[in-house]
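Here is how names work: the chains are called A, B, and so on, in the same order as the sequence lines, proteins then strands, and each is numbered from 1. Please read all numbers here as calculations on a predicted model, not as lab measurements.
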There are 2 protein chains.
Amino acid sequence: MHNLLSSLRVDINSSLYLKDPESSSLGINIVKSSIDLIDLHGIEEFNFKKLAKAIGSTESSIYRYFENKHRLLLYISSLYWGIMEFQTVVQTNNMPDGMERLMKAVETLFSTPQTKCTSFEVEGQKLRHILNSEFVKAYHHKLVDEENEAGYFSIYKRLALRLSEMIAGVNANYRYNNSLASLIIEGSLNQYFLSEHFHNLTDCHSKDNLYEFYKDLLTKTLTS
Amino acid sequence: MHNLLSSLRVDINSSLYLKDPESSSLGINIVKSSIDLIDLHGIEEFNFKKLAKAIGSTESSIYRYFENKHRLLLYISSLYWGIMEFQTVVQTNNMPDGMERLMKAVETLFSTPQTKCTSFEVEGQKLRHILNSEFVKAYHHKLVDEENEAGYFSIYKRLALRLSEMIAGVNANYRYNNSLASLIIEGSLNQYFLSEHFHNLTDCHSKDNLYEFYKDLLTKTLTS
DNA sequence: TTTAAATGATAGTATTACTATTAACTTCGC
DNA sequence: GCGAAGTTAATAGTAATACTATCATTTAAA
């Protein structure tokens, strides 16, 4: 299994970057350090000048890898969803029972991403924290339709469709499998944010609680 | 009822503005026109220079009402949630049956806001469209905890808690009423966005569909 | 009618998000 | 080991944004 993990690679849409960051140590530094900085200060406070300073390089060098910070955020987001998809596939592989599969997928979605299967040895917690806070900004903007067309969200959508299919596998008569899948994936980001910043708008303050909440919701919705 | 509607006023946290926009025609113009512009071009493209031009005033005059565009967005958001809360309360008033009450509240949440009960005669559709696209940006930032502390999200939170209490009224043993309430309110914004921009990540492309999806979810979750 | 308050007009600053240019360093084929 | 090609660094510059400041003018209230 370890070999499989290290040989597989998250395949990120190549139009998200100008030069593949995995192709050089500077590129890897750009991604790793940007994850540190965005995790720490948020995307608004983050810019290429600060990033350049942090890695001891220059703005112009960073611009050779990414057109702008928005694209970099999309790259980081794809990295996250790619890892999540990979883990979901690995974890649910060869599970014959539909409900068990679905629950395993949900549990995986609420877990910390394993960054081992990438070139970037970053803390999965940081990656998830970034996605919790910043992913909504990656698609809530004027050019979302163009970017969606260009495939910048394809990994995210593929994961949602996988989940949707798993839901259909549990109950083929359920009419809202796509909406339910989106609801869960959104929740996997948002409920953590609520716990951190709007404490009494959620009852889930641990991964276990969250899993229980969605398990209950899904079991009742799909089997009653 | 009409008198009640016109005499009641959505009470917005006064630290969101420097000078109450409802106190002058310029203030009302600022809010009305900003809703038009943000609806049309999104919050990133929007700035006080463009707003000033649109209403035939100046940047400096607008800065006398709102400290910055972020505060203005928070003001508009409070307006939306205030209307939603008001409508929910009016619509569910005197309903003895808990489930019926909850369903009416959900239906109201997915409806277009009635702006009659404000000083701003704007199209409710625009207001909802802005919230669908921009509300997440109102709290996904570095200063969220400070702003939350200052009460900038109090109407939103009060609405979530009302919904949470309604859920508890249906099933007192359900342990996740806060999380479920947040999930519904988030969904009332997000599922519309999905329908518009990520069409096949949802099955709900009308208000009726959405209502059915959540009705099914809530009925099964709370009564089985 | 006087006075204060509100608004307009204009100018200016710091920061951001880039673009352009040139110089220096690295790497790779030969 | 050498030169060419590619990569990165250093520096400078631009347009737009998000304000702040000042003072003149208009409007409203006492």
Please report the distance, rounded to the nearest Å, between [atom1] in [X] and [atom2] in [N].
X     : N      : atom1 : atom2 : answer
A/K53 : C/dA17 : NZ    : C1'   : 18 Å
B/H41 : D/dT17 : NE2   : P     : 13 Å
A/L72 : C/dA17 : CG    : C1'   : 14 Å
A/L26 : D/dG6  : CG    : P     : 18 Å
A/L18 : D/dG6  : CG    : P     : 17 Å
A/L51 : D/dA9  : CG    : P     : 12 Å
A/L73 : C/dA17 : CG    : P     : 13 Å
B/K49 : D/dT20 : NZ    : P     : 16 Å

Can you see if the side chain of [X] gets near the phosphate of [N] - specifically, an N or O under 4.0 Å from OP1 or OP2?
X     : N      : result
A/K69 : C/dA17 : yes
A/Y65 : D/dT7  : no
A/S57 : D/dA9  : yes
B/S24 : C/dT7  : yes
A/K19 : D/dT7  : yes

Can the ring centres of A/F213 and B/Y176 be said to be less than 6.0 Å apart?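 Yes: the rings meet the under 6.0 Å criterion.
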Check this for me, if you would: do [X] and [Y] make a salt bridge, where the nitrogen-to-carboxylate-oxygen distance has to be below 4.0 angstrom?
X      : Y      : answer
A/R162 : A/E165 : no
B/K116 : B/E121 : no
B/R158 : B/E85  : yes

Per nearest nucleotide of DNA chain C, the residue lying toward the 5' end, A/H70 or B/G27, is B/G27
Among [options], which nucleotide sits nearest the side chain of [X]?
X     : options               : value
A/S60 : C/dA20, D/dT8, C/dC18 : C/dA20
A/Y63 : C/dA6, C/dC18, C/dT16 : C/dC18
A/E59 : C/dC18, D/dA9, D/dC19 : C/dC18

| field | Under 3.5 Å donor-acceptor pair, A/R64 side-chain atoms to D/dG6 base atoms | value |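 Not at all, since no donor on one side and acceptor on the other fall under 3.5 Å apart.
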Query raised in the report: Could one point to a donor on the side chain of B/S61 or the base of C/dA6 with an acceptor on the other under 3.5 Å away?
Result: no
request  = Would you verify whether the NZ or CZ of A/R128 falls within 45 degrees of the ring axis of A/Y192 while also being under 6.0 Å from that six-membered ring's centre?
outcome  =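 Pair A/R128/A/Y192 counts as cation-pi.
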* Please work out which of the three classes, parallel, tilted or perpendicular, describes the rings of B/F198 and B/F193, given edges at 30° and 60°. => tilted
So A/E67, base contact, sugar-phosphate only, or nothing? Heavy-atom distance under 4.0 Å.
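Since only primed, P, OP1 and OP2 atoms lie under 4.0 Å of A/E67, the category is sugar-phosphate.
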>> Any base atoms under 4.0 Å from A/F48, or only sugar-phosphate, or nothing? Heavy atoms, all strands.
In response: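 Nothing: the residue A/F48, judged by heavy atoms under 4.0 Å, touches no strand.
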